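Structure first, commentary second.
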Amino acid sequence: MHPALVPVVDRRAPAGPEQWDALWQALADGALDRGDALALLASLTAALPEVDSLLAMIDALDRRRPARPASSWAGTVNVVGTGGGPPTVNLSTAAALVAAACGVRVVKSGSRAHTARTGSIDLLDRLGVPFAASLDQASHHLDTHGIAFTGPFVYPVQLARLALLAVPTPMRVFGRFLNTLGPFLAAVPVSAQVTGVSGGRVPPALRALASRPGIPGTWLVTNPLGADELLSMCDNTVHLPEGGTLTLRAGELVPAGGSPDDLAPVSRDAAAEHFRAVLTGRAGGPLRATLQLNAAALALASGHRDDWAKAVAEAGAALDDGAALDLLERLKGADRAG
């Protein structure tokens, strides 16, 4: 095992900035081998580092990124969940389109499927929707369509290097770690973020990541059914950036019937066509209601709206009048210019 890896994997004491810097430098220098990569990924997947070490890891990764833009995309919200929980259709991707059809500026960051049946990028590929390969392209898509889907460039290159070192072991083996930290690793200059956290609670480590100075105002969403989205059939808790919480009671804003089974994904082959049906609002009442809630959260978090009931109604209208589906069809013909 490379010496730089020992204090990170050993965990008898928290790994600080020097240890993480040494590790990422060893990776950049080509001094780690496959065994080292597997040991690191396995350690992070088995249990996240304690809070101080985790923050030191993220800071060390951030120091190695290209300089971020001096200003953020005002009034723009990123939506990305931690994955896990009851399997559902790509609700965050659908909610992003519905919210954008209502005039909300939305970025959807995501990845290939690690735990979900079809990840957001997998789905976009099947739908023929291009994703941005740079911040300039994402900005162009935002200005043109009100929505941008970002590719892997928003994540630290160190993850891709670890993946290459780990071959032939697939990264889905380490999906829990990648999904949990993914929302907090995406470097997108938005002003707000909505992140669903699976498991029914927000671990202290994620609270710490969401409250770091200089990051977008982040809403963390949980519910007792353990999904990483707002659900219509149960109460939901929104953990707000300033530290307070908001409870959305089942039945207050949308009908509360149904169960998570009504939100279940379909096969990969049927995913694209089913997704189009979802955007018409005619894929079932619980799915429609859940989609309205999530689109409304994006409108509120971005500052586009300040009234939940109105935002929910607007989302319903974007489904009924075909605006959300029309936006999807326009995006299929979008180029990558920027």
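These numbers come from a predicted model, not from an experiment.
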Under the rule for side-chain contact (heavy atoms from CB on, under 4.5 Å), what residues qualify as partners of A96, not counting sequence neighbours? V79, V106, K108, I147
Ring pair (Phe, Tyr, Trp, His ring centres under 6.0 Å) contacts in which one or both residues fall within residues 11-50, not counting sequence neighbours: W20-W24
List, one per line, each side-chain donor-acceptor pair under 3.5 Å for residues 58-65, sequence neighbours excluded.
| residue | atom | partner | partner atom | Å |
| --- | --- | --- | --- | --- |
| D62 | OD1 | R65 | NE | 2.9 |
| R63 | NH2 | D21 | OD1 | 3.1 |
| R63 | NH2 | D21 | OD2 | 3.0 |
| R64 | NH1 | Q25 | OE1 | 3.3 |
| R64 | NH2 | D21 | O | 3.2 |
| R64 | NH2 | Q25 | OE1 | 3.1 |
| R65 | NH1 | V154 | O | 3.1 |
| R65 | NH1 | L185 | O | 3.4 |
| R65 | NH2 | L185 | O | 2.3 |

Quick one: does any side-chain atom of T180 pair with a main-chain N or O of F177 as donor and acceptor, under 3.5 Å? no
Considering only residues two or more places apart or on different chains, which pairs with a residue in residues 224-246 satisfy salt bridge (charged side-chain N to carboxylate O under 4.0 Å, His left out)? D235-R249
Quick one: does any side-chain atom of T144 pair with a main-chain N or O of H141 as donor and acceptor, under 3.5 Å? no
Exactly one candidate in L287, L123, V266 meets side-chain contact (heavy atoms from CB on, under 4.5 Å) with V89; the answer is L287
Please list all pairs passing the salt bridge (charged side-chain N to carboxylate O under 4.0 Å, His left out) test where one or both residues lie in residues 143-164, with sequence neighbours left out. R105-D143
Pick one: which of L27, L32, L40, L23 meets side-chain contact (heavy atoms from CB on, under 4.5 Å) with H2? L32
Test: salt bridge (charged side-chain N to carboxylate O under 4.0 Å, His left out). Region: residues 22-45. Which pairs qualify, not counting sequence neighbours? none
Any pair with a residue in residues 245-300 that passes ring pair (Phe, Tyr, Trp, His ring centres under 6.0 Å), sequence neighbours left out, goes on the list, sorted by first then second residue, please. none
Enumerate the residue pairs fulfilling side-chain hydrogen bond (donor to acceptor under 3.5 Å, both in side chains) with a member in residues 252-265, sequence neighbours excluded, ordered by first and then second residue. none
I'd like to know if R305 pairs up with D307 as an ion pair, taking the criterion as any Lys NZ or Arg NE/NH1/NH2 lying under 4.0 Å from an Asp or Glu carboxylate oxygen. no
Can you pull out every salt bridge (charged side-chain N to carboxylate O under 4.0 Å, His left out) where at least one residue sits in residues 276-294? Sequence neighbours excluded, please. E273-R276, R276-E329, R288-D320
Does anything in residues 290-331 form a ring pair (Phe, Tyr, Trp, His ring centres under 6.0 Å)? List the pairs, not counting sequence neighbours. none
Hydrophobic cluster identity match, V190 and F153, side-chain contacts under 4.5 Å: yes
State plainly whether one hydrophobic cluster holds both L127 and L325, where clusters connect Ile, Leu, Val, Met, Phe, Trp and Tyr through side-chain heavy atoms under 4.5 angstrom apart. yes
List in chain and number order the residues that pass side-chain contact (heavy atoms from CB on, under 4.5 Å) with E18, two or more places apart in sequence or in another chain; answer none if no residue qualifies. none
Show me, pair by pair, the donor-acceptor contacts under 3.5 angstrom made by side chains of residues 194-204, not counting sequence neighbours?
| residue | atom | partner | partner atom | Å |
| --- | --- | --- | --- | --- |
| T195 | OG1 | V80 | O | 3.1 |
| T195 | OG1 | Q193 | NE2 | 2.9 |
| S198 | OG | G83 | O | 2.6 |

